[in-house]
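Here is the structure we will look at.
Throughout, protein chains are lettered first and strands after them, A, B, ... in sequence-line order, and every chain is numbered starting at 1. Treat the numbers as computed from the prediction; the structure is a model and nothing was measured.
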2 protein chains.
Amino acid sequence: MRKNEDRRRALVDAAVDVLATEGARGLTFRAVDTAAGVPAGTASNYFPSRDELLSQVGAHIHVRLAPDPTVVARTLAAPRDRAAVARFMHDILDRVTADRAGYLALLELRLEATRRPDLHRTFTATMRAQLDDSVAFHVDSGLPGDRRTVELLYIAMTGLIVESLTLPEILGDTRALIDDLVDQVVPLVAGPR
Amino acid sequence: MRKNEDRRRALVDAAVDVLATEGARGLTFRAVDTAAGVPAGTASNYFPSRDELLSQVGAHIHVRLAPDPTVVARTLAAPRDRAAVARFMHDILDRVTADRAGYLALLELRLEATRRPDLHRTFTATMRAQLDDSVAFHVDSGLPGDRRTVELLYIAMTGLIVESLTLPEILGDTRALIDDLVDQVVPLVAGPR
DNA sequence: TCCAAATCACTACGTCTGGAGTACTTTAGA
DNA sequence: TCTAAAGTACTCCAGACGTAGTGATTTGGA
């Protein structure tokens, strides 16, 4: 088993792209080799099994999709109102556009997690932590709304992401849709409802 | 190519189950044969290619997941208020639970559509028609809200479905969540906002 | 500075699995 | 009895996997 960490990361990144472009069906060691531009057999040398490769993808996809700290800082410099929430939501959709492959891979992994208990455990833990963080961040930073507000935003944005990744022509102006969503779901002022 | 339509349908249904349990990766003629309980080679005899099989699955999955007319009739017998909308949303989630395989297959197909232009076209057309139908139904039957209301419900329910299919432990009481969603998104009375 | 050892990149090959397709046989219904 | 579909069993093949072998590069020690 080879130990070059740069190369391992490159392989995992390539696996994300393969997952997005070819689907779970196309995710083979050889395909990863090709996508990463390394000689055939390399992925075999770095990962004991396809499952192990998938797990590592699952672990690294989250850091790849993490929000940009500068955007967070910028928004927090402004008043903590509905508009700020809307800006965060728009930023999420912008990231989906910017790293389409990453989010598609995340969806593929969700489905894979349906069949792999260990991946399911990992994913559930990570996602729950992320939601909890979102709630804590939202409330602590004084943005309007409570946990339920964030939960509603969460499921709506999940749906919007799935939709714009897979059938983008269905919905029209997603920016306006987000604005309306925030208007309906987020209260005007902070504090418990 | 064999012509027994009952058998063809049975094979397509089996393909849905395979898609749900094994994923797109596991969808082979042989797997479909096994799932349908027919001899090896049968699916080969009924479908010229795997792609063709997928297309037929895409065409039939929608009729399999269609809402129960009796539920629709029952709800329409009651007053057309928020509670009626909530009842419809609950029914959707109930159907997800009842035919988990069907909805999982739908998700797999969404991802496949990302890579197959013909499937993408078919799916987009079907889904758009379904959304338009939902809007028309909603407005025509005097339920409170307009097109945008239905769109917001649509994306939120899509997200909720994905979430409860793949990571059901994240969200707590989904029924309460739906009730809150409807409260926020659906106006109290009918008519334009 | 030089040498030895170890690690890694890369090539190329043998093996193997499992899926596809299809000839052939059997069965059932008209 | 004739025909079409069901069922059986076989061959063929692609593609993937893993690894042995070789050359290059780096590391550590004297």
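- For the salt bridge (charged side-chain N to carboxylate O under 4.0 Å, His left out) condition, the pairs that include at least one residue of residues 42-56 of chain A, sequence neighbours left out, are A/D51-A/R116.
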Self-check item: Candidate pair B/Q184 and A/V186, rule side chain to side chain contact (heavy atoms under 4.5 Å, CB included), full reasoning
Solution: CA-CA 9 Å; B/Q184 304 281 325; A/V186 181; over 6 Å; no
Let me have the donor-acceptor pairs involving side chains of residues 161-168 of chain A, under 3.5 Å, with sequence neighbours excluded, atom names and distances please.
{"residue": "A/E163", "atom": "OE1", "partner": "B/R110", "partner atom": "NH1", "Å": "3.2"}
{"residue": "A/E163", "atom": "OE1", "partner": "B/R110", "partner atom": "NH2", "Å": "3.0"}
{"residue": "A/E163", "atom": "OE1", "partner": "B/Y154", "partner atom": "OH", "Å": "3.2"}
{"residue": "A/E163", "atom": "OE2", "partner": "B/Y154", "partner atom": "OH", "Å": "3.0"}
{"residue": "A/S164", "atom": "OG", "partner": "A/L160", "partner atom": "O", "Å": "2.9"}
{"residue": "A/S164", "atom": "OG", "partner": "A/I161", "partner atom": "O", "Å": "3.3"}
{"residue": "A/T166", "atom": "OG1", "partner": "A/V162", "partner atom": "O", "Å": "2.8"}
{"residue": "A/T166", "atom": "OG1", "partner": "B/R110", "partner atom": "NH1", "Å": "2.8"}

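- When the ring pair (Phe, Tyr, Trp, His ring centres under 6.0 Å) test is applied to A/F47, no partner is found at least two apart in sequence or on another chain.
- Taking 4.0 Å as the cutoff to heavy atoms of chain A, we find the contact window on DNA chain C bounded by C/dC8 to C/dA12.
- Annotation: side chain of A/S134 is not in contact with side chain of A/H138 (no heavy-atom distance under 4.5 Å).
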Taking only nitrogen or oxygen atoms into account, show me every contact under 3.5 Å that the protein makes with nucleotides 15-18 of chain D, one pair per line with its distance.
{"residue": "D/dC17", "atom": "OP1", "partner": "A/F29", "partner atom": "N", "Å": "3.3"}
{"residue": "D/dC17", "atom": "OP2", "partner": "A/F29", "partner atom": "N", "Å": "3.2"}
{"residue": "D/dC17", "atom": "OP2", "partner": "A/R30", "partner atom": "N", "Å": "3.3"}
{"residue": "D/dC17", "atom": "N4", "partner": "A/R30", "partner atom": "NH2", "Å": "3.3"}
{"residue": "D/dG18", "atom": "OP2", "partner": "A/S44", "partner atom": "OG", "Å": "3.2"}
{"residue": "D/dG18", "atom": "O6", "partner": "A/R30", "partner atom": "NH2", "Å": "2.5"}

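- Here D/dA9 presents its P atom at 15 Å from CG of B/D33, a figure rounded to the nearest Å.
- At a threshold of 4.5 Å between non-hydrogen side-chain atoms, the residues B/L27 and B/E22 do not count as touching.
- When the salt bridge (Lys or Arg N to Asp or Glu O under 4.0 Å) test is applied to B/D132, the partners found at least two apart in sequence or on another chain are B/R147.
- Heavy atoms only, all atoms of each residue included: B/A101 and B/D17 are closest at CB-OD1, 3.6 Å.
- Counting only residues at least two apart or on different chains, the salt bridge (charged side-chain N to carboxylate O under 4.0 Å, His left out) pairs with a member in residues 93-109 of chain A are A/R64-A/D99, A/D91-A/R95, A/D94-A/R175, A/E108-B/R115.
- The stretch residues 3-17 of chain B does not touch DNA chain C, since none of its heavy atoms comes less than 4.0 Å from the strand.
- For A/F29, the ring pair (Phe, Tyr, Trp, His ring centres under 6.0 Å) test picks out no residue, with sequence neighbours left out.
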Practice problem: Take B/T149 and B/D146 through the side chain to side chain donor-acceptor pair (under 3.5 Å) test and state the conclusion after the steps. | Solution: CA-CA 5 Å; B/T149 308; B/D146 53 11; 3.0 Å; yes
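- A salt bridge links B/D6 to B/R9: one of the charged nitrogens lies within less than 4.0 Å of a carboxylate oxygen.
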Which side-chain N or O atoms in residues 66-78 of chain B pair as donor and acceptor under 3.5 Å with protein atoms at least two apart or in another chain?
{"residue": "B/D68", "atom": "OD1", "partner": "B/T70", "partner atom": "N", "Å": "3.1"}
{"residue": "B/D68", "atom": "OD1", "partner": "B/T70", "partner atom": "OG1", "Å": "3.1"}
{"residue": "B/D68", "atom": "OD2", "partner": "B/T70", "partner atom": "OG1", "Å": "3.1"}
{"residue": "B/T75", "atom": "OG1", "partner": "B/V71", "partner atom": "O", "Å": "3.0"}

Tabulated below should be each protein N or O lying under 3.5 Å from an N or O of nucleotides 22-24 of chain D; please produce it.
none

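- Axis deviation across the helix from C/dT1-D/dA30 to C/dA30-D/dT1 amounts to 20°, comparing end segments of five pairs, rounded to 10 degrees.
- Under the 4.5 Å side-chain criterion, counting only non-hydrogen atoms from C-beta, A/F88 is not in contact with A/L153.
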Practice problem: Tell me, with the steps shown, if A/D179 and A/M89 meet side chain to side chain contact (heavy atoms under 4.5 Å, CB included). | Solution: CA-CA 9 Å; A/D179 288 335; A/M89 298 302 116; over 6 Å; no
